[in-house]
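Computed from a prediction, not measured in an experiment: that's the story for all the values here. Within every chain, numbering begins at 1; the chains are lettered A, B, ... in the order of the sequence lines, protein sequences first and strands thereafter.
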Amino acid sequence: MNLPILPTTVVGSYSMPGWLERLKTEFFARRISKHELDEIHDASVKAAIKDQEVAGLDIVTDGELRRDNMIDYFAERLPGVQTDHTSKKFYYDFYDSVVRGKIPMASLRLTNDFQFLAAFTDRAAKFCVTGPHSLVKRIKDEYYKNEEAFAMDLARVMNMELKELVRAGARYLQIDEPYYSGFPEDIQWGIKVVNTLVEGVDARITLHICYGNRYGKPSWAGNYRYLFPAILEAKVHQLSLEFARRGGEDLELFKEFPNRFELGAGVIDVKTHEIETPEIVAERIRKALKFVPAERIHVLPDCGCLHLPQDVAFAKLKTMVQGTKIIRKELGG
Amino acid sequence: MILHINHIQPERAALASSVVSTLVSMAGGEQIARRILENLNVHLDWVQYKANFREAVTLRRATRGEELLPLIEIGVDLRQLDPETLKDDFVNTLQNLADASRCAQKRVYLESFTPVRSSLIWKFNDLFWQHLPLWETASGKGYEQALPGGKSDANHPEAVADAVADFWTLLKDLENHSQLPAEIFVLEIGVGTGKRAALWLDRFRALDGERGTQYYPRIRFLLGDYSMPSLNRAMETVREHRELTSFLAVDALDPFRALSFLRYKVLSIHLTNVYDNLPTDEIVVRDGKLYFVEVRGYVPAAAATRISEAFGIAVTEFPRTVNRLLEVGPQHVHPSEGARGVAFWRSVWDAIRLEERFVTVQSILDAPLPAGVKPGLLENFVGDGVTNQRFHLSSAAVESFLNTVPLLHPRGYLQVQDIFVTKLEDYGRMFRGPGKLDGSVVNWVNGALLAEVGAQAGYDVHFGPFQYRPGSRTSILYTTQRE
């Protein structure tokens, strides 16, 4: 599938409607069945896909609306990970999940969700997974006693799953590793783990690193300097980083550390309901263009749109596309 | 008739017993009509605020629009109730029930029924803070002397020293992880006299000096308040730290509006006795049905007459004069003599009461929720098990909280010293306001609801006792980042 210059996409999640939050929580209160919830998810995902298409995105996702949060969707699928209590007061809470033995090799059964997405769009489709570094920070380890070893085993299992996704037709995959920013001291082994995760996976792979978006607010502060030079060893095609909320100062790092990566430039601040103008978006892209050539830039929000109201998320994505068109025109496209 | 004995002071137990026997005797003597008796709930409370908005015996009706519903509630304040007149009080109240016009004749109303948070008592509250020096001159004492213990818990030196020590530890940890920002923002909302800020800065400077960390010059201490007299006073109090302090007109309901440039940058935000002074609505649950409380302010006709005569106003002009007071301020209400305007203000405030009615709502979702609160949250908060309860929505406190936390740095925290109800069921055990504290309004704050709201916004909300003053009812709310 041919993409235009400066392809536009989301980071992964789309707006989670308030009513869906309530229904997800109702499921945990045993007031609706799993079958009903699955049907609700199907309908919600179709709507999320349609919104992205109408907003004009070039690459769409399923909005991650089936997921309670970025951890549990995987924790409950990962072989060897146990969740002792599978009830929650609020759907967004984390399970207390734990690993008590070596992670066995088995499927996570993610391909169904990708195939559902692919069946309902003609656009390029992206599927996102939470990276092993982030998973080990939230899943209690009672076996490995070593985060890197635990993460490495997760990477091996998930590598198999990524290959399954490719076999199912996935061409764009994204690994989310926001916890790097909370634990910069882990970056060396964090990159090794990512390289194990993507080894032999025949797809365009993005590594998304932000400063957290839990409850729609940052979990950490700082700057991206900690990523370099370790990140240069990452065997991924694209780095997706947030620049809208934090400003573009860290773009200088792309000049200081010449590299081959595409840049997924975050140009939409997902932590405010204020809707950017196309001109602001265009200006943010222009800034990125000073450091990375246009053919290596993708345009996207800083992070997932999960916490934005639907009307705000939709308007922001539309604006992002309009701002991108301004630059495409300037580039003669 | 159902009697609810919500709270009794030991010394008032005999009076409570008299209330019960009087009511039973009236019912037995058929002095209470059967249709009233069947729907009558009597609540015995202890209103701990000496100055408040209730009479000893208060009638509350349930309504749907203007239509009266069967539920009838009589509130009894055991503190105010005179044993000698209690039977007459009940007889009068029941007569008012039969003939509402009797009641209207005894009251000069200052507003129509309105949700509590929109009542004119909050205009009086604003008036107090905007014209604080006039009130203090007239009363001959500073407002802090009206607080329990005669001074603000905010200024307790040990509490301040502990807060400073905790903050220093946070800064050190951030520095150890190379994450200490160049500018260290600290915000205090509701500055009082400025004494806490001065104590905090003194202590921080000393600790920083002792430990040689050089943090003090990086501090940017912001003092925010909507009362200019308070800001001016605070400016004088912290003059020794002038280089590090800024004074900002901040609406406690929406600090973010004035300070949005500090989004995710402030490492410590502190408020003392602010939330208890912000407008709130109230929800009542009776027999599992939900009601929203509406009030209308009035002055008893006898008091209105007395005040009017004392200030040379025709009684018919009394409501208009009160409105003028609220619009133009006390110094202008009596053009020739400012002090008389202040005296008028104080007299009206002393006499003002609130008539209450319960407006039925189909579900909690129909009640006007505090801005930013998702309906589902309140639905879960009240739950199915609550059949009889009356509680504050703490509307403006919730609004303030939600408009404050976006200022917090990811490692920053909010601390609020105030009077909190930390469990919903505790509302049934004590009267929680509104009361009058000097010229201001005071309500306990629904901490249990704040904890729910906080969780939804990504913060765990904890409460600890204020351990620095024996007998203090103050708690300290503090936030931690929710995983």
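Using a 4.5 Å cut-off between heavy atoms, A/D93 contacts chain B through its side chain alone, with no backbone atom that close. Of the two parts of B/R263, only the side chain, counted from C-beta on, holds a non-hydrogen atom closer than 4.5 Å to a non-hydrogen atom of chain A.
Taking OH from B/Y459 and NZ from A/K217, the interatomic distance works out to 4.0 Å, rounded to the nearest 0.5 Å. Note that the CD atom of B/Q456 and the OH atom of A/Y215 stand 9.0 Å from one another [nearest 0.5 Å]. To the nearest 0.5 Å, atom OG of residue B/S178 and atom CZ of residue A/R225 are 12.5 Å apart.
Interface remark: of the candidates A/E185, A/H307, A/K271, A/E21, A/K271 forms the most heavy-atom pairs closer than 4.5 Å to chain B. Most heavy-atom pairs under 4.5 Å with chain A: of the set B/P410, B/P181, B/A457, this distinction falls to B/P410.
For A/D96, the CG atom sits in a loose shell: 12 or fewer heavy atoms of surrounding residues, nucleotides or ligands are nearer than 6.0 Å. Applying the 6.0 Å contact sphere to CD of A/E274 captures no more than 12 heavy atoms from other residues, nucleotides or ligands. The number of heavy-atom neighbours closer than 6.0 Å to CD of A/E249, taken from other residues, nucleotides and ligands shown, is 12 or below. Counting heavy-atom neighbours within 6.0 Å of A/E142 CD, excluding the residue itself, gives a total above 12. A 6.0 Å sphere centred on NZ of B/K289 holds no more than 12 heavy atoms belonging to other residues, nucleotides or ligands.
Salt bridge annotation for B/E452-A/K89: present, with a cationic side-chain nitrogen under 4.0 angstrom from a carboxylate oxygen. With respect to B/E483 and A/R214, no salt bridge is recorded, no charged nitrogen being found less than 4.0 Å from a carboxylate O.
Minimum heavy-atom separation, B/Q179 to A/S181: NE2-O, 4.5 Å.
Residues A/W220 and B/R411 are not in side-chain contact: their nearest non-hydrogen atoms beyond the backbone lie 4.5 Å or more apart.
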